[in-house]
Structure formats: structure tokens, C-alpha cells
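Each remark here refers to the structure printed beneath this line.
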Amino acid sequence: MSVLLEARGLRLAFGGVKAADGIDLAVMRGEFLAIIGPNGAGKTTFINMTTGYLRPQGGSIHYDGEEITGLAPRAIVKRGIGRSFQLPQLFTEHTVLQNAALAIAARRGVWQPFAPLLSVGVIDEARELLSRFGLDGIRESRADTLNEGARKLADIAMAVALRPRLLLMDEPTSGVAASEKMAVVETLARVLREAEVTAVFVEHDMDVVERFSDRVAVWSQGRILALGPPGEVLRDPEVLREVIGVAAPHA
Amino acid sequence: MRRAEPWLALAGAAALVVVAVAAPWLRFILTLALAKGIAVLGILLLLRAGQVSFGHAMYAAIGAYVVAFAAPSMGDVLVLLPLAMLAAGVVGLVIGVFITRYREIFFSMLNLALSMVLYSLLEKFYAITKGSDGIRVAPLRIAGMAMDGPMAAWVMFATAMVVAAMFWWVARRYLVSPMGEALAGIKTRETRLEFMGVSARGVLLVAYVLSALMAGAAGAIIAMTTRHVTPLLAYWTSSGELVFIAILGGAGGVLGPFLGAVTYELIRVYAAAAFADIWQMALGLALLGVILFAPGGVWGVIAGLLRRARVT
């Protein structure tokens, strides 16, 4: 497998707090990489730096061989990196179908002032996308009326609509009811594998990590404490003491 | 509702023509109402993005002064109108590039500040603008034919109708297009737009220029109808009037601005005739009534009635 995303020596501090203190990480094409670690360890900061929301104070990020450090989010999205959010960023006054359609239109080119958004081609693709995510039943619902599981899936569906090659997801299961969590992740993993999307996801649920990740990166105080297959990393004594103690399995 | 809208628009237009024929003295008022409706349509576009401009009368004033300056040399309505729109659009583009970096109160106040700069320039450069006396618009023609007396009033009424219909159609198509829906996305989740690769600023800029074009057209029609322009056209109360009409008419549909403008002008005329000293109070009470009892404005009330009629 070749390297798709590579971070070298990433540094970023907020005042005295080091959110990234020399992050070196290579994400391999096609893998599902989980990021775990306590709150404040710098997991979201890594996603924010990779997607252009924050500019690192040091180090570099390369995507598919090209340096993307400090580029604006729009420029990064256009290169094939998508993201979803811990707090889903849906257009709350639009329906789920319109949300999906808008993401599809964004990919195709939004600069059409007179063709309707819900034109035949876009509607068909939006319906197909929502059906892959199991969201058919709620496509006419307004985005601000959904439950958390549906909101998370719709949020990720919008990122997938852009056809990214790399998708960074910030806590895709947080706030999702325990009873729906595995179903949400199953759906997600299936869609992403089908679309051949490389995924990096921040996760607190160790069951989800163990079941769905190819590798796990353990974050602690802006550094990567351990990196490897979940079977090894989640049994590493240092990881167990430093991190899992905070985010224990079945917690 | 969207399907019923063109029929409502047709019915409204027919009603305006009937009133203009039956009560000729109202033709002037209705022409001004249509012109203001066009400018308010521009305000509505910006409201879709959650932004309120308290300075859009500036573009109406630009349109009006272009007419006043150009009328002596090229006094044809069919030339002056596009010229005024072009001027307002170009100024809207230049100002928009800068102003679309800002949101909410900063967006509102910067528009207001710039409109007051224009007001001061119009007022102080007496040698060019004749200051607060204003400029009398030279006699006009349409397609080469001289316009005078009742014919001029009819031509301007018809021009306002045609331009209003054109912008109504444009706004209606635009708001359901990807660009128009992205505009509404600025109001709820601008961050998401950026992470979809869409420039929120670019989306807002297009709406801003379109709104400037609309206000420019409105100003040109006002100048050609009243045949006199003064700096008051750019004064902040004129911008406030446009926002007032937007709320009164309702921002939920593209007919709202025209309903609001006609309601506003009629209340103003009749209130001024009935209570000369306190006519503003009647407008204030009307706005208070709308805010308290019909937050969707006149359009909201009509849309509600239609929905109920369809259910029962």
C-alpha cells in the first residue's frame, strides 16, 4: 500500500497548550485509521490542520505527493480530502435531500443561477446516495428535525457526495444512541469500502475501533504515543495506562 | 405554493392595471411602489443569506443620478434603464468584493456607512450635483418617441411592470438554483459550504451584485417617474424604508417585496391624507402588527390562506 497522506513534524500550540507537538503520521491508501486519545490530546486539531481550518506553526502535510500545508479548506477539498464534523454541519433549514443535492451540486459546479438545484440528474444521485446510507425514509425531513444518528450519517453523506479519496471524520459515533451505534458504523464502513475511500476517524468507543480500524494511532498531549494494528495497540500496557484508562472499553 | 405563485403574480398585475385605469392619480403611486418592490427584491436576496443591508438606497440613488446626468444627452428610457443598472451593478461589484467579507451587524453597518458617504458627496458637490436642491430630469423619450402628459405616466407604469416581472422571474429561478440554495446555506452553515469547496463569499457577492442591479433599476424608474432626484434618495432612512417594506411584505416568497411595497405606499398615502401630522404612526403600527401577528408578512398571510384553502 502506498502513502496517501503524510504529516511531518506538525506543531501547533494554543497559548501554552501544545495541541500538536511534532506529529509524524503516514496514512496508507485504502486503510481505515482510527485516532484515539483523551479529550484535549489534539485529535481534532490534526483534522483541522489537515483540512485547512487551522494552519500549523511548524511541519508539513503532503497529500498524494503534493504539499497542502496551510492551503484553504476549499483548495484542500478540491484535491479530494473530505471531512465530517463532531457537531454535524447540515443546512438546517433545508431537507436531507436538499442537503445531499447541494453537496452534489458543489462537486459538479454550483455556479448555475437558473437551473434548479433539484434537477433530474442531481435528484437521482442524491436519492441513490441517501439510500446507500439508509436515509431514504427521512429524505424529505428538515435537517434540524433529525436524531443524532441520522444527523451524523447525513453529515458524512454530504462529505461522501464530494467523492473524496480521503475522508476525515471527527467522532462519527459521538452522541449516537448505543443501540444505533454499530448499525451506523456498519453502514458507514460498507459505503466507504464500496467507494474505495481511505478513512481517518477520531473515535472514543474501543469496540468500534477494534472492529472497524486497520490501524490505530494513539494521541496524547499533542504526540502520537503508539501506532499499529488495534490488536496490538489496544493491549499495549502504556496505552492501557495512559489512554484506555480514560477511554476504557465498554465505558 | 410555488405553482400558485405565477397565477398570484398575474392576478396582482391585473389588479394593479385595473386600479391604475380606474384611479389615474394612483398610477404614479403604484409605479413608485413597483420600483421600490424591485429594490426590496434585492434586499430579500440578501436576507436569504441572513444579511440585512441598511444601505441599499445607495444603489437606487446611483441609478437615479445616472438617469439625471445622462438624460440630457441620451434621454431614451430604453437606454437610461440599462445604463443605470450597469452603473449600480459595477459599483455593487466593487463595494461587494470588500463588503462580502463581513457578516451580520458589520455587513449592515458598512452598507449604511457607504450609503451615507454617497449621500454626503451628492449633497456637498454642489457644482456637479446641485446639492440638496437636486437635479431635474430632462424630458424623456421611449424608442425615439417623446413622452409627455398621461402617456409618460403610462409608459413609466408599464416599464415598472415589465422590469418588476423580469426581476421577479430572475429571483424566482435564482433562489431555487444551486447558487440560490447555497445562498440560503450561508445563513445556516457557512462552514459547510467552504468544506464543500464552495466560496461563500463568491455566492454572497453574486447576490450582492444582483441586488445592486435591482436597486439601480428601481432608482432609475423612480427618477424617470418623479423627474427629480435629490441626495435624499441615498439617505439612510431610504435604505431603512426598503428593509421596512421587506419585513412588511415577507421574505418567504418573491412576491413579498411587491405586496409589501404596494401596501406600504397605500398606507402612506391614505395615512398622510387622513392624519397629516402623525402619518408615520400608522406605518409604525402596521409594522408592529406584522411583527406581532404575521411574522411572515403580507406574503405569509396570503400563503397561509392558500394553504388552508387547499387543505379544506
Side-chain angles (χ1 to χ4, degrees), chain A residues 47-48 50-53 71-85 87-95 97-119 121-122 142-144 154-155 158-164 167-168 170, chain B residues 1-3 5-6 41-42 45 47-51 89 100-101 166-211 213-214 251-254 295-296:
Chain A
I47 291 186
N48 283 340
T50 308
T51 53
Y53 194 66
L71 290 182
R74 263 185 287 140
I76 290 177
V77 167
K78 292 213 162 89
R79 282 166 172 74
I81 301 182
R83 78 169 289 181
S84 70
F85 299 82
L87 298 173
Q89 299 286 306
L90 304 173
F91 300 114
T92 47
E93 291 180 2
H94 286 89
T95 64
L97 186 72
Q98 285 173 321
N99 269 275
L102 206 43
I104 291 163
R107 189 192 76 234
R108 293 182 173 196
V110 81
W111 305 105
Q112 305 162 34
F114 295 117
L117 168 68
L118 295 178
S119 60
V122 174
R142 250 176 71 135
D144 55 358
D155 189 57
M158 287 178 77
V160 169
L162 303 171
R163 298 201 180 142
L167 180 60
L168 297 118
D170 198 355
Chain B
M1 187 53 55
R2 203 175 144 72
R3 241 177 261 165
E5 215 181 58
L41 196 56
L45 298 186
L47 282 175
R48 282 291 164 101
Q51 310 305 317
T100 51
R101 298 167 76 99
M166 183 185 85
F167 278 126
W168 169 78
W169 183 84
V170 167
R172 197 173 130 81
R173 296 292 299 254
Y174 170 73
L175 286 174
V176 295
S177 75
M179 269 169 91
E181 296 289 3
L183 187 68
I186 293 178
K187 185 176 165 191
T188 50
R189 282 288 179 266
E190 189 169 342
T191 320
R192 167 62 88 175
L193 278 183
E194 293 288 329
F195 281 100
M196 291 193 327
V198 176
S199 162
R201 214 179 128 192
V203 169
L204 186 56
L205 179 61
V206 171
Y208 192 84
V209 173
L210 202 49
S211 70
L213 280 173
M214 291 174 178
V254 285

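Every chain is numbered from 1 and lettered A, B, ... according to where its sequence line falls, protein lines coming before strand lines.
Residue B:Val203 touches chain A through both its backbone and its side chain, counting heavy-atom pairs closer than 4.5 Å. Contact of A:Asp155 with chain B is made through backbone and side chain together, with heavy-atom distances under 4.5 Å. For a residue to count as touching a neighbouring chain, one of its non-hydrogen atoms must lie under 4.5 Å from one of that chain's; by this rule A:Ala103 touches chain B with backbone and side chain alike. For A:Ala106, the parts lying near chain B are the backbone and the side chain together; criterion is any non-hydrogen pair under 4.5 Å. Of the atoms belonging to B:Leu210, not a single heavy atom falls under 4.5 Å from chain A.
Put simply, CZ on B:Arg201 and CG on B:Leu193 are 14.5 Å apart, with the number rounded to the nearest 0.5 Å.
Ring pair A:Phe85/B:Phe195 is perpendicular by interplanar angle, where above 60° counts as perpendicular and below 30° as parallel.
Listed by first and then second residue, the salt bridge (Lys or Arg N to Asp or Glu O under 4.0 Å) pairs involving residues 102-119 of chain A are A:Arg107-A:Glu125, A:Arg108-A:Glu125 (not counting sequence neighbours).
If you tally non-hydrogen atom pairs under 4.5 Å between each of A:Leu162, A:Leu117, A:Leu118 and chain B, the highest count goes to A:Leu117. With chain A as partner, the option from B:Val176, B:Val206, B:Thr188 having the largest number of non-hydrogen pairs under 4.5 angstrom is B:Thr188.
Remark: A:Arg79 pairs with A:Glu66 by the side chain to side chain donor-acceptor pair (under 3.5 Å) rule, at least two apart or across chains.
Between the side chain of A:Asn99 and the main chain of A:Phe91, a donor-acceptor pair closer than 3.5 Å is present.
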